[in-house]
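Structure, as structure tokens:
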Amino acid sequence: MSIDPSLLMNAVAAGILLGGFYAAVALGLSITFGQLDVVNIAHPAFIVAGSYLVFALNGGFGLDPVLAGIILMPVFFVVGVLVYRVYYAAFERTGRESLAGLAFFFGLMFIIEVLFILAYGVDYRLVETDYIGKQIEIGLLGIPWRMLVPFCAAVVMTGGVYLFLSKTFLGRAILAVSQDRLALQLMGADPIKIKQIAFGLGIATAALAGALLIMIGPVEPTIGRLYIGRIFAIVVLGGMGSIPGTLIAAIILGLAESLVATYIGPSWAPTVAFGILLLTLAFRPSGLLGRQA
Amino acid sequence: MKISPFWIITVLILIGGYLFAEWAENQFLFFAGYVVLQSLIMAVAWNILGGFTGYVNFGSAGFFAVGAYTAIALHQFLEAPLIVLIIIAGVVCGLIGLGTGYLTLRLRGVYFAIATLAMAIVFESLITNWEYVGGSTGAYVITPTEVAFFDSYIEMLFVLMLFLALVSVAVSRYLSISRIGQGLAAIRDDETAAECMGVPTLRLKLISTTVMGAMMGVCGAPFPFFVTYINPLSAFDLLIAVNSIAMPMIGGTAVWFGPVIGALLLGTIQQIITVTVSSELNILIVGVVLVLFVALAPRGIVGLVQDVMKKRRGK
């Protein structure tokens, strides 16, 4: 079998664009799970919630999906803060976060899914704008706008979070709480308040990620399940909380999935994430840019 | 020789179940009963690892589905009788469970949980791409219309499931009250400390994961014959995984009868809601009940009852 250069080029381009989008999806988990050690398995459910609210804003007011996603971010931030408060009061304070906390988020995921099934049914929903459906042609390469816009938005958001965490006082406090909670407490800062803000930030990214998700393709309430494996694979491969690591890992996964879908078959693509995840867990649990070995 | 009340009750339940199956007219009772018993076995199996050792398995549906598809493949290949299919499905899933046990060497806590979820999805992809057992379109099973000793096939399945459930509970009870149970509890409380005290942690974990896997496989094997049409979506239903976690958590994970109580209670409620209201609401209620219980009653119903008893004795 000879390799068709145009097919390969398109597969690679699609993979990189998809990977950028995956970074937006995994970014929130990289903060909540990677840095705060909160196993928020419901993160994809929050993303789907974002998709549906964007769908409502887009259908009701004709808002651009990306703009709608940005408008929703503060709302999601508040929701995130509230969820963390419940989680802290019920689990973290009593030190039973591992098993009970996992079950809590597992249950939360189901509650969110079913609420959207009850509200919107199990049909696929999608958004409409002028640019969705068009594409740019560069030589043999065709780049659809519905992939390019999410990629750009995702990279901007990832960059923004990276700058926030590394340059601002609050961002550094979040990094500090993930490294040594006790030390932060001794410096006179309240780790719970900081974790609350960080968790809110993680959930806020889900609003925009949800907007990007519904731009890329139609969404139904349980679609988030497909992303559980992907985002955990990305966060673990990226090195638990490293933002640049998350972006790199997301693009690796996007490329791998795109190539597998093109050359082996689309039905094998979901296996890629879990294959990568299992291999990473087995051979390099600290990830590519890990915090510690 | 002294026979413990547990065995007498077990045999009585089995005989009672058979007589019930002979007399009951309403076929729906068998279907509902089968579903409740199926989730009971899954809950008991999950608890052998999750409750006794503290390793969370998110991939229950994977074991269940591999059991179901092993049965399908062998049924198409050999036309073997159901009991043979169940045994082989148990062996296959037991071996997968053994493999999972070796994962615990490197992965603890949440990493183990994610790895089991990953395994389930890898299995789902494999089966979706395996045309022999129907691939993504699924497979039909034609069940015989007449069976010896029973009025209908579904009656036979119901009694079979009752038997399997009782065996599962007996195995779980044995693991819990024997020396093995003490070792498993030691792993749950502090694995490193247990290891230092000379508890053979790896061997115990391997026993635990193998029994769990085998039990889930056994539970999945009759499933294709129960629904007569199976596809990867229904076999890998995430509700199976959630139920098998929610039921022990609601009943109480530390003791062998916790998941039994949780499964009977939640399973029955689910059947009633599915029939009277809708299956979506059924999932919503599982979610809400699970969240409320883990947040407010961490030791489940068993823990609540124990607290009440303690207070009464105090007065």
Checklist entry - Take atom OH in B:Tyr229; do more than 12 heavy atoms of anything else shown fall under 6.0 Å from it? => result yes
Item to check | side chain to side chain contact (heavy atoms under 4.5 Å, CB included) evaluation trace for A:Phe110 with B:Val288 | outcome: CA-CA 8 Å; A:Phe110 269 80; B:Val288 171; over 6 Å; no
Checklist entry - Pick one: which of A:Leu118, A:Ile112, A:Ile117 meets side chain to side chain contact (heavy atoms under 4.5 Å, CB included) with B:Leu284? => result A:Leu118
Next on the checklist: Is B:Ala246 close to chain A through its backbone or its side chain, or both, or neither, when contacts mean heavy atoms under 4.5 Å?
Outcome noted: neither
Next on the checklist: Heavy-atom cut-off 4.5 Å, strictly under: side chain, backbone, both or neither for B:Tyr55 against chain A?
Outcome noted: neither
Checklist entry - Closest heavy-atom contact between B:Ile245 and A:Phe106? => result CD1-CE2, 3.8 Å
Checklist entry - Between B:Val294 and A:Phe91, which heavy-atom pair has the shortest distance, and what is it? => result O-CE2, 3.3 Å
Checklist entry - Any idea which of B:Ile121, B:Leu117, B:Val122 has the most non-hydrogen atom pairs under 4.5 angstrom with chain A? => result B:Ile121
Checklist outcome for this item: Heaviest contributor of heavy-atom pairs below 4.5 Å to chain A, chosen from B:Leu292, B:Leu290, B:Thr253, is B:Leu290
Item to check | Under 4.5 Å from any heavy atom of chain B - which part of A:Ile228 | outcome: side chain
Checklist entry - Is it the backbone or the side chain of A:Phe232 that comes under 4.5 Å from a heavy atom of chain B, or both, or neither? => result side chain
Checklist outcome for this item: In terms of heavy-atom pairs under 4.5 Å with chain B, the winner among A:Val272, A:Val114, A:Leu115, A:Thr222 is A:Val114
